[in-house]
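As the structure is a prediction and not an experimental result, all values here were calculated from the model.
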Amino acid sequence: MNTLSAPRRLLAWAVPATLALAVVAPALPAQAAPGATPTSAVAGPVDKDLNGDGVPDLVVAGGTAGLDSGVWTARGRINATTGVGTGRVKVPAVNIGVYGNGVFGGRSAADFDGAEIITGRFFGGPNEDFLAYYLSGPGVGNASIVRGAGDGTMPDPYRQGNQGSIFSDSLMDGHGNVPLHLVNAYTADGVESGIPDLLGIVGDATNGYRPAYYPNAWAPGVYYFQASMNNATPTGGSDWQNWTLASTELASGMALVLRNATTGDLYLWQGVTMTDNGDGTGTLAYTQYRLASGWNTGATISSLTAADLNADGVTDLWAVFPDGTVRAYLISNLSTSKPAKIRAIQAQQLG
């Protein structure tokens, strides 16, 4: 059963179930059976592993020049010798968003246009689910959560129990601003509800921009604005609107990659924890690593995904570009005094 928080004013976000179920759903592309489970350096379930084969999988919204509308997944490739991920993915990617988002009512893959896709156990179950947060369009500031099937696909979101909503009201700051974008915050506040928290960047030109923390209120889709973070950017500034985030969970806790597209600065915050200061602000604690300067400076990246792609315990990256190509960046040699080593893997065409 969908769980929604208190009365909302965005009534158009909800779609009558009778209307939704009257439409015939398109067939979902077949998925291959999960492969053998590799040996991983990371304890517990592997973050972003959609099908249970022990390696992260790539998920990205389409609607760009190189990818048709929908939600596209590409499974991580496993090295036959080592049994761990390589950073490369199996192509072509598969569109699992053909049923729509469970909200707009049209059962169209175009429902996901203008959204960023975040994975996590947002229904509190064993499988990775899909959270589509809308950065633009009629749903801006809202999110639809579609339950993951455990094999890398989405079930019909119009069937009871497969979809939940997050309304923009619960994500707004005190000035009525919704997040510029969101990432999975896992349990950075140390409170385990069984459902991950969220972290976003929120604000406006008048009042400034800050990261904001949104804890889960012990139920799927129920979040509330808790505190704006008083942290400076990795370079010591306050221009948070110029930074994008990508998160993952390692054995050491939450890891956060921060990118400034204009300058090409790329940083990693590892072991991220959040403390509520009790006055509407909070503080993130972490170990900072400068990964690179001049990294893809000025380049438009449709989706930046953080995950431990090769099971070495270090956060890596997938960057998906508007032309539908993806490139893995394997990171090693972390140091607090000098840039890390980043090895770019040959780009692949997803479509």
Side-chain angles (χ1 to χ4, degrees), residues 28-40 42-62 67 70-79 83-102 109 112 115-133 143-157 161-164 182-184 186 194-196 220 246-250 255 302-311 315-320 326 328 348 350-351:
L28 192 67
Q31 298 282 299
T37 301
T39 301
S40 173
V42 181
V46 175
D47 186 37
K48 299 182 176 67
D49 177 13
L50 304 181
N51 65 336
D53 66 355
V55 298
D57 303 304
L58 175 67
V59 182
V60 61
L67 279 178
V71 176
W72 294 85
T73 66
R75 293 185 172 173
R77 285 194 173 276
I78 300 174
N79 185 304
V84 298
T86 65
R88 293 178 63 79
V89 296
K90 296 179 181 180
V91 293
V94 177
N95 190 351
I96 63 170
V98 294
Y99 290 143
N101 66 1
F112 296 100
E116 61 182 1
I117 308 299
I118 308 165
T119 59
R121 292 170 175 81
F122 293 108
F123 279 96
N127 301 328
E128 293 271 330
D129 306 306
F130 306 89
L131 189 157
Y133 176 68
S144 175
I145 305 171
V146 181
R147 187 183 297 275
D151 61 357
T153 67
M154 290 181 181
D156 184 349
N162 287 343
Q163 189 273 340
L182 289 172
V183 296
N184 189 329
Y186 305 95
I195 298 173
S247 69
T248 191
E249 187 173 42
L250 306 174
S302 303
S303 173
L304 188 65
T305 299
D308 183 3
L309 301 182
N310 56 356
T315 302
D316 306 301
L317 292 171
W318 272 317
V320 178
V326 60
Q348 297 176 267
L350 292 174

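- Atom CG of Leu131 is separated from atom CZ of Phe123 by 9.5 Å, given to the nearest 0.5 angstrom.
- A donor-acceptor pair is defined here as one N or O able to donate and one able to accept, closer than 3.5 Å; no such pair exists between the side chain of Ser247 and the backbone of Val183.
- Side-chain atoms of Asn162 come within 3.5 Å of backbone atoms of Asp156 as a donor-acceptor pair (strictly under, hydrogens ignored).
- The closest side-chain heavy-atom distance from Val59 to Phe130 is below 4.5 Å.
- Taken to the nearest 0.5 Å, the CG atom of Asp57 stands 5.5 Å off from the CG atom of Asp49.
- A donor-acceptor pair under 3.5 Å links the side-chain atoms of Asp129 to the main chain of Gly148, judged by distance alone.
- Contact annotation: the side chain of Phe122 approaches that of Asn184 to within less than 4.5 Å [non-hydrogen atoms, C-beta and beyond].
- Checked by atom type and distance alone, the side chain of Gln348 pairs as donor or acceptor with a backbone atom of Val89 at under 3.5 Å.
- Under the side-chain hydrogen bond (donor to acceptor under 3.5 Å, both in side chains) criterion, Thr248 pairs with Asp47, sequence neighbours left out.
- Side chains of Pro220 and Ile195 form a contact here, defined as non-hydrogen atoms less than 4.5 Å apart.
- At least one side-chain heavy atom of Leu182 sits under 4.5 Å from a side-chain heavy atom of Glu116.
- Here the closest heavy-atom approach between residue Leu250 and residue Ala255 is recorded as CD1-CB, 4.2 Å.
- Separation of atoms CG (Leu350) and NZ (Lys90) is listed at 15.0 Å; rounding is to 0.5 Å.
- Each of Thr86, Val55, Val84 was compared with Ile78 under the side chain to side chain contact (heavy atoms under 4.5 Å, CB included) criterion, and only Val55 meets it.
- Remark: Arg75 CZ to Asn51 CG distance equals 4.0 Å, nearest 0.5 Å.
- When each of Val60, Leu58, Val326 is checked for a side chain to side chain contact (heavy atoms under 4.5 Å, CB included) with Ser303, only Val60 meets the rule.
- To the nearest 0.5 Å, the span separating CG on Leu309 from CH2 on Trp318 amounts to 5.0 Å.
- The two residues Leu304 and Ala319 have their closest heavy-atom pair at CD1-CB, 4.2 Å.
- Put simply, the side chain of Asn95 gets close to the backbone of Val71: a donor and an acceptor are under 3.5 Å apart.
- Across all non-hydrogen atoms, the minimal contact from Ala93 to Ala74 is CB-CB, 4.1 Å.
- What you find for Tyr99 and Pro157 is that their closest heavy atoms are CB-CD, 3.4 Å.
- Under the 4.5 Å side-chain criterion, counting only non-hydrogen atoms from C-beta, Glu128 is in contact with Arg121.
- In this structure, the separation between CG on Asp316 and OG1 on Thr305 is 12.0 Å, given to the nearest 0.5 Å.
- Proximity of a side-chain donor or acceptor of Lys48 to a complementary backbone N or O of Asp308 within less than 3.5 Å is not detected.
- The backbone N or O of Pro155 sits nowhere less than 3.5 Å from a side-chain atom of Arg147 that would complete a donor-acceptor pair.
- Taking both residues in full, the closest heavy atoms of Thr315 and Ala306 are given as CG2-CB, 3.8 Å, listed atom of the first, atom of the second, then distance.
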